[in-house]
Amino acid sequence: MEPLREEDFTEGRAVFRLKPQEFHYNPIGSVHGGVFATLLDSALACAIHTTLPAGVGYTTLELKFNCVRP
């Protein structure tokens, strides 16, 4: 994952970037869906975290996404 920058985080917003490497690929040569799921879940969690008061927790109860383009 690329280094996080301060400007990537504002209230309700978090930006994560990843340049896939060979070990992210599945056997058919595309990026494994689990990599996208992890990136999306982490970005969403951090965006939510920016809106909560100190000491309040959160968790992902369910995660679903659809890849609609290559």
Undergrad: Kindly compute the distance separating CD1 (Ile48) from OG1 (Thr60), expressed to the nearest 0.5 Å.
TA: 7.0 Å
Undergrad: In terms of hydrophobic clustering (I, L, V, M, F, W, Y; side-chain heavy atoms under 4.5 Å; direct or indirect links), are Val15 and Leu44 co-clustered?
TA: no
Undergrad: If I take atom CG from residue Leu52 and atom CD from residue Glu11, how far apart are they, to the nearest 0.5 angstrom?
TA: 10.0 Å
Undergrad: Between Ser42 (side chain only) and Leu39 (backbone N and O only), is there a donor and an acceptor less than 3.5 Å apart?
TA: no
Undergrad: Measure across Leu63 and Ala37 and return the closest heavy-atom pair with its distance rounded to 0.1 Å.
TA: CD2-O, 3.7 Å
Undergrad: What's the shortest heavy-atom distance between Gly33 and Phe65, and which atoms?
TA: O-CZ, 3.4 Å
Undergrad: Work out which heavy atom in His24 is nearest to a heavy atom in Val35; give both atom names and the distance.
TA: CD2-CG2, 3.7 Å
Undergrad: Looking at Arg13 and Glu7, what are the two nearest heavy atoms and their distance?
TA: NH1-O, 3.9 Å
Undergrad: Is there a chain of hydrophobic side chains (I, L, V, M, F, W, Y, each step under 4.5 Å between heavy atoms) that links Phe9 to Tyr58?
TA: no
Undergrad: At their closest point, which heavy atom of Ala14 faces which heavy atom of Ala43, and how far apart are they?
TA: CB-O, 3.5 Å
